[in-house]
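This report refers to the structure that appears directly beneath it.
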Amino acid sequence: MSQPPPPARPPSPPGAREGSAGFVATPGEPWGPEVPPAVVAVVVTRDPGPWFEETLTGLATQDYPELSVLVLVSGGQEDPTARVARVLPGAFVRRLDEDRGFGVAANEALTMVEGAAFLLLCHDDCAPAPDAVHVLVEESYRSNAGIVGPKQMRWEDPEVLLHVGMNVDKTGAVVERVQPGEVDHGQQDGVRDVFVVPGGLTLVRTDLFAELGGYDPILGAMGEDLDLCWRAQIAGARVVVATDAVVRHLEATAVGLRRLPPAVEGVDAPTLQDLERRHELWAVLKCYSVWHLLRVLPQVALLALGEMVVAMVGRDRARVRAVAGAWRWCLRRLGLLRGRRRAVKADRRVPDHDVRRLQLRGSARLSTFFSRLSHQGLEVAQGRGAVAVAAQSVVDEPVLTGSVGLAFSEDADFDELDDLGHRSGRDRFGRVRRRPVLSTSSARLTTWLVVAAVLLIGSRNLLASAFPLVGQLTPFLSWTATWHHLVSGWQPAGVGTTAPATSAFALLGAVGTVFLGGMGLVQKVLVLGCLPLGAFGLVRLLRPLASARARLAGAVAYLALALVYDALAQGRWDGMVAYAVVPFVLVRLARISGLAPYSVAPDGADRWTGVVRPVLALGVIEAVAVALAPAVAPATLVCALGIVAGSLLVGGWRGAVRALAGAVAAIVVALVLLAPWVIGTLAAGHQAVGVFGLTSAPWSAPSFADLVRFAVGPVGASPLSWLLIAAAVLPLLIGRQLRLAWAGRLWMVALMSWVLAWAVGRGWTAPFSPSVTVVLVPAAVAMAACVGLGVAAFEADLSGYRFGWRQLVSAAAVAALVIGMIPVVVDARGGRWGLPGTGYADALSFLSAAPAGSGQATVGGYRVLWLGDPRALPIGGWSVDPGLAYATSENGTPNALDLWAPAGSGPASTLARAVTLAQDGRTVHLGRLLAPSGVRYVVVVESTAPQVPGVQSPPTYPAAPSLIGALSAQQDLAPVGGGPQSGFFVYLNTDALTERAARLSGPVTTGAGAPSATWPTAADLAGWHPVLPGPAGRGAFSGLVPAGTVYAAYAPGGRVSLRVGGRTIRSTPAFGWAAQFPHQPGGSATLWVAGSLLVPLSVVVQIIVWVIVAALLVGRRRWLGRRRRRPDGTGPAHEPDDDPGDEAALEPAVAGAAAPRRRWAPPGADPVPGPGEER
Amino acid sequence: MSSPPARRTRAVPRLPILIVAVVVIVVAVLVDTRVSRPVPAGSPAPAGALAAPSSAESSSWYCAGAPGTPGGPAVQRLYLANTTSAPVDGLMTVVNSAGLTTTAPVTVPARGQLVAVPQNVLTGPWLAEQVDLDGGGVTVTEAVAGDGGWSVAPCASSPSSSWYFAAGSTAGASQQYLSLFNPTSTAVVVDLTFVTSGGVTQPAPFEGVVVAPGHLAVEPVNIYVQNEQTVATIVQARSGRLVVGQLRIVASGSAQGLSLLSGSPSPAPAWAVARSVDVSGGITAFQILNPTTQTETVTVNVRAVTGPLAPLVQQVGPDATWSLSASATSRIPANVDYATRITSTGGPGVVVDRTVLAPAGSAAPQLGTVTGTVTSSTAASPSRRWLLAAPGTPAGAAQAGAAPLALGLENPGRSPVTVSVSAMTAAGLVPLPGVGPITLVPGGFTVIGQAPLTGAAADPLMVTGSGPVVVLEDLIPAGVAGVVSQPAIPLAG
């Protein structure tokens, strides 16, 4: 049913007011005797939904007396005339045969309406408040504005802001002025110039609309408002938003309640994102003058290219298609574009540089991307583009935004914020305004750059050269040798063992493979990369709790703690690994706990999402960390127990127990993932606990006070390091709610960490002696996080107190934070973080018979017995006594093969027994006792690196004086290097055998039939000559051997075989553990040690398990991701516990804190940028 | 859309966490500062002689040396006493001052004593020996005998980088020799310093003396330090470790003697000499050397049978000696037994030797020295057993008629100690007849006379105590008691 065309000039159709739901405006009330300017509301509709009546009712209830309504039915199946008549009997209805979009339909008003001063261009899903038109018209006159828009509220929730005008950057990217879900408290009220009045309900002067030719008809949907407003400003008209005029807007098309017009959909069925991008580009190409376009267009193209690359990396195909399609669409219409540009040029009254003043500087899209990347991660940064701006409006969950927080803050400068929260830099009187420190992203970026520069300066000499052999910084093997060692089933540690190698070799091998065999680079990345990774982890830890500024403070404090540099200076790689990993462990534990504001899964999530996956993910992290640094496992338990203890004090114990259970479960997962190594470790019995660390000398352990300030090495030993700890007290003093609760938990974590480290150092926990540099890391994380929480409390809580001591304490804490960083910054001058330049590989190069890398094989092979405090040994080993550990290397100084000793020493324990004999004064022939093991040198290290007077003074861990005295008393040990001033002692064993030796006479009789090791006699050691050359660490050697007896100092002796002249000879025991081959005929021979076949098999199974777990994590995540995008998945993350710590979840974390990541936003929704962060 | 009903937010408690944090930190700091840390197993104060435990896998002894030329001034013998129940094999390496080395296997019988005569293995102007044993529980004592008399002293169980001799003299016809034996595999560079009544002297020929590995060097002190009544010697190795012995030969008309003195490897703050007697007409003197850089306040406590006497106190400066002549001190009665304890404060300690000069006309030897016994042991477990080698066996007496004269036992500790003395025979330990367990009060001493000892003249004596004691045996023939004395060798384990 079609209506007859309305009269061409219906400024005030009679009867309109009569039909307006009973409201009848009387001229002169309030307008006085003068007749107000006529306004024609042009409502464009197509198959309107149930909301249509509300729109009509809104128009019908307007208090504006001279309002006429023209309903344009743009195609569609339904004739809404009857519906219009029921609500607005005086309205005119006209049906257009083809739906070519809102703009084209609205343009019809230019031909249909005469005499109206204003056109009110209305969507059919936009219901104005009764005074909306009144206010808009009034504001148009008052502001002399050409286009006036209202404050748009959510349709279903009129308390929530939808649009208050929009801004645009130079690339045409539209940027919202309100945060998604921002509740209207009047904080956005006021009349402002904006670049775009979003569609919905727009009051435009009729003459201006006519001059501009109305909407660009090619822009059927999305972007026509941008184009119109831009051209209006070029024509010299103001575009303002009058927030006293309020409308509710459904945005039916954006939220998917209505399809795009068929003419717009066309054959390529563009998405809203496609339309938005192409129309933005169209506006740019159309509205800039030539010179400006030449300047801007390359930037737009470059940004588009970069965006596509990033989108492709992130597999965001829709974005790639939208960006590329926009260019394609515009370039195909160059002819049309030229015409449009001519029209714009004809209308131009304002130069571009004046128009540009109303635009945002830079690229809003790029800054948003980097802001999210830095604060919310890549996943969020790669979220949907500007389409989400519209989609955000339907996010159900109200999210606290910076605008709200700031609105309620005591910030007198609130009104000076621009639409992105940027401050203009000047107040309303034009005075330069002082900004809070680190309140802008540029300031924070600058800070990060400074921090990065300090790290680079502090590490410059480490980047330029290979690590010295200090502590665990042993040289890596080639990637092939690393893989081979993993699967070989035999390792040369001690005197040899078939225990499985640690999975760390798999990790090193994999990374080395990725780095194409550049193992030196791999080592640098894996060691030095711990620094930024740890800081990043701390940012992640603080993200739900604190603002970007507070996160920055926490991360910088973490980097300013001396612990990691002390670990590096002493070559404690395990400490650095823990430094990098523990923040992530704490993040995961916090999420598993569900304690506010952390959450792991939304309400209604299945068991996989809520329980299994987080534990599995934490288990994978644990597995990687434990493989490299086994002490991370107890450190994880310290974190969980600390959370439990803290929660008992501040509330939330149920969640804390969940965290503890999760930690235990994750460790179990890690043990499963490392099963072969774990089984081998457990098989070592009571020695298994040694994998966490060996008992160091209690007499040289740091004091409790030193542990508290992390002064466990040469870096940061200054008393100033106390200041960082002092700064971490701040949240306990001024924090409230979540900040106080988490500060309490973190302090308990720190206390537990300190106490455990202290007890370990004192030897009270022996033989359980995890590395102190690892055990201290939870405390370091906790202290740094508390520094961040202190800043957060400073921002959010301090204003709630009256002026008093808290303000003074806060100021002191800030000062302490800044000054407390000085020691580490000063230590950066050296460029090595205290790591000595000369390691044991340099000082003890004479131990190697063949120069390293020469390719020469060492005939016979020999071992070096290393003795000393575990903290000083450059090799993994086993404990003799507290403060005395031992280990062996082959043919010289250690390499990565020797870094992770198996838990059980096996027959190598005879070495410890021999050393004990010497210490007890029960032998003067230690060399003879060590000879069967092929020990040629005994090296006692008393410092982490050689002492070079005037050059380097590494930390010293003196061995028990009795050891040096005992070794010096040995008749068959000759001192050949070092001394008290060198930090090491080297003794040559004058009775030594080689690992592979032969003699003409008969076999060794000692231990030839005994199952246990026995001491050799002088006759056992007589007459041997080195045979069978070969490199260290290999299990096979070939060469000529004389007839007689061949001896092989490899365990287990039963796995050693010798083939001479094509005949394999069975071994017999020697000394109870080694192998000998008596009466062999001599000739060309090959000796090899057969590893356990179970080891390679178990490695294969292990790799399969890893792949399955990875597939589970990644695959289920993707699957879940798809499921999450279904609109029916909603709900809060968890039910708060019934305790104050958890109830605090209902309270905003911090003003300016990042909102929790919204995992359940509708499709295309942009994540909410953290308050305090610029978009 | 309706918002959920707001729940009232309960405040997070602040005080408990503050209290817990403060309490934990304060308690930990208090405990940390008040609970002492374990100390490392210190290197036991170098003991001149300490027998390895019987469970030892191997042990060694080093005898610094004596003249080795047949018909020379003295004949050297080694007494190897085995306290274990199994024979111990070993190898004796004899080194002469000409640089020659010879080895000979030795087997020390179970609970028995072996007499080795190095001169039978190798001859030379001077001989030193190294005895390597395939086990522990064996002591080695060195005896020299010549025309002037005889002397006995324990060999050293380990080399040391320093040696100190408080006693010595080059006055008159005294000849004083230092034998420097390097049993290690690295060269030793040694400086010799002499502290005389005229001050400290460091003759150039004794600076930087190099002793090659396995070599013996003998330095005649009296050539360079002439006619000094007291000559204390400090031997300090710049590098390496060695064993040093001192031999004094006095063959003047007024006194004859031959004194073998084993040095002390380190100063100590407490010393004891178990038994001394000031024989009328003779001289008993305690030489106290302070080889440190700090002034020591030395106190000499003398305890007679009747009770303790008033102590004697003297400040001894760095590199100075105090020669306390007991005979010239009126408070020490003549011809009575007394025990002496010497303590020092202010520095690392002192070194104590005792010199006894018999009255003119006494039987030879008339001069003898003995090293005091360190009682301030820093070893983790002080010994509870001591062994005295028999001065002679039917097969090889150090001196004709050599026999025990008396055995002095002193308790230097603060608790009573019960001591028993046995003869070590092949059948086991046989208590001395008439000598039951003796309880020594703190500071107390006793002397076992010649009669009970005579029956065990050919057997080593084993002294077993419930605590540390000082054991000193006087031997005959000698001018007076104390001219020939030997301290007991402690047994480890």
Side-chain angles (χ1 to χ4, degrees), chain A residues 156-157 396 398 646 649-651 697-699 701 703-705 708 732-733 736-738 740-741 743-744 747-748 751 754-755 758 762-763 881-883 917 919-925 928-929 958-962 964-966 968-969 971-972 974-975 990 1015 1136 1139-1141 1143-1144 1146-1147, chain B residues 1 3-4 6-21 24-25 28-33 35 37-44 46 50 52-60 91 130 132-136 157-159 161 183-186 213 239-241 379-380 492-493:
Chain A
E156 73 282 4
D157 185 4
D396 291 328
L649 296 173
V650 301
W699 50 86
S703 67
F704 187 78
V708 170
L732 293 183
L733 299 178
R736 284 177 167 166
Q737 299 301 325
L738 286 179
L740 177 58
W747 263 93
M748 288 306 297
L751 290 173
W754 285 327
V755 170
W758 178 49
R762 283 295 198 111
D881 284 319
L917 274 181
Q919 270 193 295
D920 293 346
R922 292 193 289 159
T923 186
V924 290
H925 293 132
R928 188 170 77 193
L929 307 188
S962 59
I964 300 300
S968 299
Q971 294 184 1
D972 42 16
T990 55
W1015 301 125
D1139 55 61
E1143 279 186 4
L1146 301 175
E1147 181 249 6
Chain B
M1 195 172 103
S3 57
R7 297 168 63 182
R8 197 167 64 84
T9 302
R10 275 182 280 164
V12 176
R14 187 188 311 275
L15 205 54
I17 194 72
L18 283 171
I19 291 174
V20 169
V24 169
I25 290 176
V29 168
L30 286 177
V31 172
D32 193 44
T33 52
V35 176
R37 296 156 186 263
V39 294
S43 184
L50 176 67
S54 55
S55 60
E57 186 270 343
S58 60
S59 59
S60 290
L91 195 67
Q130 173 178 337
D132 296 326
L133 300 158
D134 294 338
S157 57
S158 62
S161 58
T184 70
S185 53
T186 55
S239 64
R241 307 181 329 144

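Each chain gets a letter, A, B and so on, in the order its sequence line appears, and its residues count up from 1.
Of the two parts of B:Leu15, neither the backbone nor the side chain holds a non-hydrogen atom closer than 4.5 Å to a non-hydrogen atom of chain A. With a 4.5 angstrom heavy-atom cutoff, B:Ala492 does not touch chain A via any of its atoms. Both the backbone and the side chain of A:Ala701 come within contact range of chain B, each with at least one heavy atom under 4.5 Å from a heavy atom of that chain. Using a 4.5 Å cut-off between heavy atoms, A:Ala697 does not touch chain B at all. Heavy atoms of A:Thr990 lying under 4.5 Å from chain B are absent altogether.
Between the side chains of A:Arg922 and B:Ser55, at least one donor N or O sits under 3.5 Å from an acceptor N or O.
Without hydrogens or angle criteria, B:Ser58 side chain to A:Val924 main chain gives a donor-acceptor distance under 3.5 Å.
With contacts defined as side-chain heavy-atom distances shorter than 4.5 Å, the pair A:Val708/B:Val29 does not qualify. A:Leu732 has its side chain out of reach of B:Arg14: every pair of non-hydrogen atoms, C-beta onward, lies at least 4.5 Å apart. Between A:His925 and B:Asp132 the shortest side-chain heavy-atom distance falls below 4.5 Å. Using a 4.5 Å heavy-atom cutoff, the side chains of B:Asp32 and A:Arg762 are in contact. In this structure, the side chains of A:Trp747 and B:Val20 stay at 4.5 Å or more apart for every pair of heavy atoms.
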| said: Evaluate B:Thr33 against A:Phe704 for side-chain contact (heavy atoms from CB on, under 4.5 Å), listing each step before the verdict. | reply: CA-CA 9 Å; B:Thr33 52; A:Phe704 187 78; over 6 Å; no
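In terms of non-hydrogen atom pairs under 4.5 Å with chain A, the most contact-rich of B:Ser59, B:Ala52, B:Ser54 is B:Ser59. Of the listed residues A:Pro958, A:Ala705, A:Pro975, the one with more heavy-atom pairs under 4.5 angstrom with chain B than any other is A:Pro975.
Taking each heavy atom of A:Leu733 and B:Leu18 in turn, the nearest pair found is CD2-CD2, 4.2 Å. Closest approach of B:Glu57 and A:Trp1015 over heavy atoms only: CG-CD1, 4.1 Å. Taking each heavy atom of B:Pro53 and A:Gly921 in turn, the nearest pair found is CD-O, 3.8 Å. When all heavy atoms of B:Val12 and A:Leu740 are compared, the pair lying nearest together is O-CD2, 3.3 Å.
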